[in-house]
Colleague: 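Pasting a structure here, questions to come.
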Amino acid sequence: MSVDTASRADRAEELRNALVDTIIADHEAKGLTMPTEVERAMRTVPREVFTPGVPLEKAYENTAVITNRRGDEATSSVSAPYLIAEMLGQASDALGGLEGRDVLEIGSGGYNASLLAEIVGPAGSVTTIDIDPEVTDRATACLKKAGYNDVTVVCADAEHPVEPSRRFDLVIVTAGAWDIPPAWREQLTSDGVLVVPLRTFGMTRSWALRRSEDHLVSHSHRQCGFVSVQGDGAHQMRYVDIADGVHLRLDEGQQTAPDVLSDMVAGILTQPRREAWAGVSLPPRTVLADLDLWLAARLTREAGEFVILTAQEAAVESGIVAPSWRFGAPATLDEGTFSYRSALRWTDRKFDLGAYAHGPEAAAAAGRMVEHMRAWLDAGSPSPALQILPARTPTGELPDGTVLDKRHSRIVLTFPTVNSG
Ligand SMILES: C[S@@+](CC[C@H](N)C(=O)[O-])C[C@H]1O[C@@H](n2cnc3c(N)ncnc32)[C@H](O)[C@@H]1O
């Protein structure tokens with residue numbers, strides 16, 4: 001090895017260990033523990049091999065590295081290390097360890113497959129599948145370069161089984177899915193685990209789901225974002241413009257067509273704004289990720305449409321909207337009245353939760369939304385749980401909860417600690 005190669009390898013190891021230390025600290029701040037087997041793999045696999053052409057320092061940033069685009073949209077990336085660590089942690093916790101397991105990874109790149117190969121060891125196996133031949137060619141070359149010769153790389157649409165009779169202990173999906181095709185469940189062993197970034201109500205969470213006969217039951221969830229699934233399982237989100245740089249995202253089988261919604265909301269933000277506040281005083285580190293799914297579950301049961309509000313930075317700066325998060329705030333449209341979860345209101349380093357509304361019933365709509373926020377806090381800020389059943393399941397056989405119908409599945413969302421469904 002030349003002196004240059006040796007010093008680059010030393011520098012890479014230094015950066016890798018610093019990155020893992022950062023991710024462990026980030027896990028601790030979120031109340032998570034990184035399993036030892038995941039930590040060991042992350043301190044071993046050279047991420048720079050899977051990000052060719054990217055400077056060493058960048059290869060060890062805690063962010064995704066985009067590798068393929070179609071127009072403006074990213075279609076493939078080497079996923080963000082903290083997210084990979086969280087998803088591997090979800091898999092390890094749900095299965096009680098991954099050593100010796102047979103794993104199918106959906107969405108290739110090589111980096112995550114190498115981590116999995118390190119973790120499952122020689123007694124296990126890793127198969128990785130991607131729809132894009134450019135990605136599988138690159139993954140094959142990078143895996144070889146990094147010395148992971150036992151990983152099987154397949155180029156196909158993972159909507160369908162990779163090998164009809166093959167079963168895996170773990171199927172881990174690394175692209176954003178809207179539904180769970182039957183093949184993902186059917187390729188699992190009888191108590192195998194599926195880890196999947198799944199969109200429900202327009203919001204993506206990485207869910208660890210354990211198989212139980214023909215359905216899946218959640219074990220854990222984490223907040224995340226991913227490039228979307230392509231191929232037969234692709235599901236386009238639709239957008240309705242409501243002002244310059246302000247959009248509504250429609251993700252489920254919304255009954256009202258986008259052009260009708262568009263007419264309904266034309267000029268809505270120019271109508272006077274009404275606001276309502278929960279009247280609470282929460283400390284800075286309060287985690288609100290589960291509140292938005294709670295709101296979705298509650299608001300979809302009421303009249304009107306549940307939608308997601310997104311806004312460009314300039315639109316927020318101009319004050320036309322003030323959403324809780326500009327990349328996706330829960331919102332409703334009901335007979336010409338539009339309401340959404342607003343930005344937090346800070347007083348003396350504590351914050352309150354609020355809702356803004358425009359339209360004929362604005363005051364009532366904002367008030368209803370904050371009632372649901374108060375109810376979530378009063379219930380002890382419960383976390384959501386999912387059950388995923390085949391689309392053919394009769395309604396009478398569904399557990400209590402909020403039902404979301406997709407193409408292949410009926411998804412039931414509950415908040416178990418409050419026994420309220
Ligand atoms: C975020 S990247 C995967 C990252 C990778 N796991 C890593 O180690 O960093 C998502 C990948 O999913 C792939 N993908 C999207 N839809 C797919 C499908 N239906 N079947 C297989 N692969 C798919 C994309 O081509 C893309 O390469």
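Note that ligands are numbered from 1 as they come in the structure, with each ligand's atoms numbered from 1 the same way. Quantities reported herein were computed from a predicted structural model and do not represent experimental measurements.
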Colleague: Can you find an N/O atom of Ser228 closer than 3.5 Å to an N/O atom of ligand 1?
Modeller: no
Colleague: Compare every heavy atom of Glu105 with every heavy atom of Thr174, then report the nearest pair and how far apart it is.
Modeller: CG2-OE2, 3.9 Å
Colleague: Between Asn17 (side chain only) and Glu13 (backbone N and O only), is there a donor and an acceptor less than 3.5 Å apart?
Modeller: yes
Colleague: Among protein heavy atoms, which lies nearest atom 15 (C) of ligand 1, and at what distance?
Modeller: Gln230 N, 3.6 Å
Colleague: Heavy-atom count check: over 12 atoms from other residues, nucleotides or ligands less than 6.0 Å from Asp150 CG?
Modeller: no
Colleague: Provide the number and element of each atom of ligand 1 under 4.0 Å from a heavy atom of Ala158.
Modeller: 18 (C), 19 (N), 20 (N), 21 (C)
Colleague: Could you state the interatomic distance from CG (Leu19) to OH (Tyr60), rounded to the nearest 0.5 Å?
Modeller: 8.0 Å
Colleague: Would the number of heavy atoms belonging to other residues, nucleotides or ligands and lying under 6.0 Å from CD of Glu335 be above 12?
Modeller: no
Colleague: Only heavy atoms of Ala175, strictly under 4.0 Å: list the atoms of ligand 1 that pass.
Modeller: 12 (O)
Colleague: Please compare Pro81, Ser108, Pro181 and report which has the shortest non-hydrogen distance to atom 5 (C) of ligand 1.
Modeller: Ser108
Colleague: I want to know if ligand 1 touches Glu159 in the polar sense, i.e. an N/O pair below 3.5 angstrom.
Modeller: no
Colleague: Can you report which non-hydrogen protein atom sits closest to atom 8 (O) of ligand 1, along with the distance?
Modeller: Asn112 N, 3.0 Å
Colleague: Would you mind running through ligand 1 and noting each atom that sits below 4.0 Å from a heavy atom of Val227?
Modeller: 1 (C), 10 (C)
Colleague: With a 6.0 Å cut-off (strictly less than), is the heavy-atom count around CD of Glu99, excluding the residue itself, greater than 12?
Modeller: no
Colleague: Of the choices Gly107, Gly109, Ser77, which has the non-hydrogen atom that lies closest to atom 4 (C) of ligand 1?
Modeller: Ser77
Colleague: Shortest non-hydrogen contact from Trp376 to Pro382?
Modeller: NE1-O, 3.0 Å
Colleague: Looking at ligand 1, would Gly231 count as a contact under a 4.0 Å heavy-atom criterion?
Modeller: no
Colleague: From the options Arg222, Gln223, Glu86, Gln90, select the one residue that forms a side-chain hydrogen bond (donor to acceptor under 3.5 Å, both in side chains) with Ser206.
Modeller: Gln90
Colleague: Does a side-chain heavy-atom distance below 4.5 Å link Ile106 with Ile129?
Modeller: yes
Colleague: Numbering the atoms of ligand 1 from 1, which are under 4.0 Å from a heavy atom of Val135?
Modeller: 27 (O)
Colleague: Tell me which one of Thr51, Asp132, Thr75 gets a heavy atom nearest to atom 26 (C) of ligand 1.
Modeller: Thr75
Colleague: Evaluate the ring planes of His235 and Trp178, with Trp represented by its six-membered ring, and classify them as parallel (under 30°), tilted (30 to 60°) or perpendicular (over 60°).
Modeller: parallel
Colleague: Considering only non-hydrogen protein atoms, determine which one is nearest to atom 11 (C) of ligand 1 and report residue, atom name and distance to 0.1 Å.
Modeller: Asp130 OD2, 3.4 Å
Colleague: For ligand 1, which atoms sit closer than 4.0 Å to a heavy atom of Val78?
Modeller: 9 (O)
Colleague: Give the residue, atom name and distance (to 0.1 Å) of the protein heavy atom nearest atom 10 (C) of ligand 1.
Modeller: Thr174 O, 3.2 Å
Colleague: At what distance, to the nearest 0.5 angstrom, does CG of Asp405 lie from CG of Leu398?
Modeller: 8.0 Å
Colleague: Looking at ligand 1, would Gly233 count as a contact under a 4.0 Å heavy-atom criterion?
Modeller: no
Colleague: Under 4.0 Å from a heavy atom of Ser79: which atoms of ligand 1 are those, numbered in the order shown and with their elements?
Modeller: 1 (C), 4 (C), 9 (O)
Colleague: Can you sort out which atoms of ligand 1 are near Glu105, meaning under 4.0 Å from one of its heavy atoms?
Modeller: 6 (N), 8 (O)
Colleague: Against heavy atoms of Asp157, which atoms of ligand 1 measure under 4.0 Å?
Modeller: 18 (C), 19 (N), 20 (N)
Colleague: Over 60° means perpendicular and under 30° means parallel, so tell me whether Tyr340 and His358 are parallel, tilted or perpendicular.
Modeller: parallel
Colleague: Of all the heavy-atom pairs spanning Thr128 and Ser108, show the shortest one and how long it is.
Modeller: OG1-OG, 2.8 Å
Colleague: At a non-hydrogen distance cut-off of under 4.0 Å, which region of Ala156 contacts ligand 1 (side chain, backbone, both, or neither)?
Modeller: backbone
Colleague: Should Ile131 be counted as touching ligand 1, given the test is an N or O pair under 3.5 Å?
Modeller: yes
